[in-house]
Amino acid sequence: MAVLVVRTLAKLHREHVCMIARIFSLMKLSLSSLQVIGLGGVGSHAASMLLRSGVGRLLLVDFDQVSLSSLNRHAVATREDVGTPKAYCLKKHFSLIYPECQIEARVQLYDSSAEDEILSGQPDFVLDCIDNIDTKVSLLAACVRRGLRVLSAMGAGARADPTRIRVADLRESSNDPLSRAVRYRLKKDHGIEGGIPVVFSMEKPKAKLLPFQGSKEEETPSDYQIVPGFRVRIIPVLGTIPAIFGQVMASYVVTQLAQLDFQTEPIVNLDLDHYRILHHRLLEHEELIYGSAEQVLVDAEEVMYIVKELWRGRSARDQNMKDTGWKMWRSVNELMLVRWDKSKPAGVSNLILLKFSEADAHESTTLDQIKDEEPEFYAMVSRVLKRAETEFAL
């Protein structure tokens with residue numbers, strides 16, 4: 001009976017703690033101030049879900065109007081909203097959904113001259129949903145310069161596969177022309193090489209911008225520009241994909257604000273043969289160092305988990321994500337798995353990925369030396385291997 005009472009009290013305590021944690025998470029959201037810049041197919045859906053998640057304050061910024069052609073991908077716009085500024089359209093609908101949220105709508109083009117006016121409020125998060133490269137780069141650079149947390153949407157047009165949408169650092173995004181252009185401009189113009197989380201699709205776009213076709217011979221594309229320099233040709237868009245981009249952005253921001261930790265899927269461009277090579281290399285190393293491979297407790301599939309999920313396809317001593325795509329394939333030629341703690345078997349929670357030269361140095365040192373001389377590295381590796389131990393219930 002006493003044991004039953006103790007278990008019941010422990011369960012109630014856990015439930016009470018979880019309830020308090022949920023309350024605090026909701027409070028953080030209700031007190032948060034967020035900005036969504038660009039309110040088209042991606043931005044309108046991101047803003048809608050942030051509102052429905054209970055955020056306290058939203059600043060909505062877009063210079064454009066709702067058009068008939070955008071109704072297939074806009075979160076809330078109706079026929080009656082055509083011709084209405086997108087910012088005002090969202091504010092009208094949002095006020096009916098969650099009137100407690102403080103909503104500010106600005107019909108405004110973001111550019112460098114608007115930086116102080118828009119970003120001076122020190123928002124908790126900025127969502128970049130702009131599709132023009134110049135203004136996008138300007139906004140991202142300003143956020144980095146001001147130390148603001150920002151999440152950026154890359155190209156959602158001409159895609160159809162929702163399973164290939166990812167969240168990763170800008171340095172890791174691949175198969176996306178917009179990412180490539182933004183990366184180049186940020187590095188060239190602002191010296192920024194990464195550190196910005198982005199939502200992108202790994203699917204190669206299946207179409208390019210459609211050519212402009214005026215209804216009359218005398219018409220020109222510039223006649224249809226709302227703002228000089230912005231494109232008037234369009235890329236085919238399946239309405240569901242921008243919506244999913246926006247939902248992913250909202251989910252990422254909400255979990256970040258609520259401090260709900262989760263691991264995004266690493267972008268590791270390796271195939272099964274590469275993992276088999278690394279497994280075979282581990283077996284050979286064990287035989288060379290320890291006289292046999294009997295204490296290797298992992299197979300090629302588990303090597304895939306260790307290399308991809310734990311070390312993201314990179315040396316434990318070089319987690320800067322500079323090698324992506326074909327460069328990553330090349331880097332496998334100089335990587336190998338070795339035991340972290342030489343007194344324990346080569347199991348899933350005791351293997352680190354290192355370059356050949358690093359592996360040689362590791363074999364000639366001890367964990368105590370690493371702990372004393374490199375406490376940050378020791379703590380990082382211990383934390384990563386602890387994750388493997390937890391996920392494999394070891």
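Here the structure is a predicted model, which is why all the values come from computation and not from measurement.
- The environment of CD in E294 is sparse: at most 12 heavy-atom neighbours from other residues, nucleotides or ligands sit within 6.0 Å.
- Residues E301 and Y275 have side chains that never bring a donor and an acceptor to within less than 3.5 angstrom of each other.
- Nearest heavy atoms, F200 versus A168: CE2-CB, 3.8 Å.
- In this structure, M304 and E309 have side chains that are not in contact, with every pair of non-hydrogen atoms separated by 4.5 Å or more.
- Inspection of the D176 and S179 side chains reveals an N or O donor paired with an N or O acceptor under 3.5 Å.
- The aromatic rings of F125 and Y252 lie perpendicular to each other, with more than 60° between the two planes, well past the 30° mark.
- For the atom pair CZ (R106) and CG (L59), the distance works out to 5.0 Å, reported to the nearest 0.5 Å.
- Under the 3.5 Å distance criterion, with hydrogens and angles disregarded, no donor-acceptor pair is assigned to the side chains of K86 and Q65.
- A side-chain N or O of Q295 and one of R339 form a donor-acceptor pair less than 3.5 Å apart.
- A salt bridge links D161 with R164: the distance from a Lys NZ or Arg NE/NH1/NH2 to an Asp or Glu carboxylate oxygen falls below 4.0 Å.
- A salt bridge is defined here as a Lys NZ or Arg NE, NH1 or NH2 lying under 4.0 Å from an Asp or Glu carboxylate O, and D169 with R312 fails to meet this definition.
- For the pair L58 and V55, the tightest heavy-atom approach, listed with the atom from each and the gap, is CG-CG2, 3.8 Å.
- Using a cut-off of 4.0 Å between Lys/Arg side-chain N and Asp/Glu carboxylate O, R185 and D134 are scored as salt-bridged.
- Remark: L353 CG to E358 CD distance equals 9.0 Å, nearest 0.5 Å.
- Side-chain polar atoms of E286 and S292 form no donor-acceptor pair below 3.5 angstrom.
- Side-chain contact between K136 and D131: absent, with no pair of heavy atoms (C-beta onward) separated by less than 4.5 Å.
- Atom CD of E80 sits in a sparse spot, with 12 or fewer heavy atoms from other residues, nucleotides or ligands closer than 6.0 Å.
- Nearest heavy-atom pair, M336 versus A359, reported as atom, atom and distance to 0.1 Å: SD-CB, 3.7 Å.
- The environment of CD in E284 is crowded: more than 12 heavy-atom neighbours from other residues, nucleotides or ligands sit within 6.0 Å.
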- [ ] Begin with the C-alpha distance, continue with both residues' side-chain angles, and end with the deciding distance and a verdict on side-chain contact (heavy atoms from CB on, under 4.5 Å) for H362 and I370.
- [x] CA-CA 9 Å; H362 180 74; I370 296 174; 3.8 Å; yes

TODO: Take V182 and L170 through the side-chain contact (heavy atoms from CB on, under 4.5 Å) test and state the conclusion after the steps.
DONE: CA-CA 9 Å; V182 170; L170 178 61; 4.2 Å; yes

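- Side-chain contact between C129 and V36 is present, with heavy atoms from C-beta onward closer than 4.5 Å.
- At most 12 non-hydrogen atoms from other residues, nucleotides or ligands lie less than 6.0 angstrom from OH of Y184.
- Linking Ile, Leu, Val, Met, Phe, Trp and Tyr residues whenever their side-chain heavy atoms come within less than 4.5 Å places V144 and V126 in a single cluster.
- Listed here is the closest heavy atom pair of L151 and P197: CD1-O, 3.4 Å.
- At least one side-chain heavy atom of E115 sits less than 4.5 Å from a side-chain heavy atom of R145.
- For the atom pair T163 OG1 and I244 CD1, the distance stands at 9.5 Å (nearest 0.5 Å).
- Counting all heavy atoms, side chain and backbone alike, L178 lies closest to G155 at CD2-N, 3.6 Å.
- A distance of 11.5 Å separates NE2 of H93 from CD1 of I103, quoted to the nearest 0.5 Å.
- D62 has its side chain out of reach of I37: every pair of non-hydrogen atoms, C-beta onward, lies at least 4.5 Å apart.
- A 4.5 Å side-chain heavy-atom check between Y378 and E373 finds every atom pair outside the cut-off.
- The structure places OG of S152 at 8.0 Å from CD1 of I130, a figure rounded to the nearest 0.5 Å.
- In summary, the side chains of T84 and D81 do not present any donor paired with an acceptor at a separation below 3.5 Å, with no hydrogens or angles considered.
- Counted by atom type alone, H279 and E302 present zero donor-acceptor pairs between their side chains at under 3.5 Å.
- Taking every heavy atom of both residues into account, E287 and A293 meet most closely at CG-N, 3.8 Å.
- Using a 3.5 Å distance cut-off with no hydrogens or angles, the side chains of Q108 and E117 do pair a donor with an acceptor.
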Open item on the list: Quick one, R149 with D124, criterion side-chain contact (heavy atoms from CB on, under 4.5 Å). Give me CA distance, side-chain angles, the key distance, then yes/no.
Closed with: CA-CA 7 Å; R149 301 173 79 182; D124 296 297; over 6 Å; no

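- Using a 4.5 Å heavy-atom threshold, the side chains of R57 and L34 count as separate.
- A donor-acceptor contact closer than 3.5 angstrom links the side chains of S343 and D341.
- Taking the six-membered ring where the residue is Trp, the centroids of Y110 and F63 are separated by 6.0 Å or more.
- At a threshold of 4.5 Å between side-chain heavy atoms, the hydrophobic network of Ile, Leu, Val, Met, Phe, Trp and Tyr places W340 and L310 in one connected group.
- Between the R387 side chain and the L385 main chain, no donor and acceptor come within less than 3.5 Å of each other.
- Residues M202 and I165 are not in side-chain contact: their nearest non-hydrogen atoms beyond the backbone lie 4.5 Å or more apart.
- A donor-acceptor pair shorter than 3.5 Å cannot be found between the side chains of S44 and R73.
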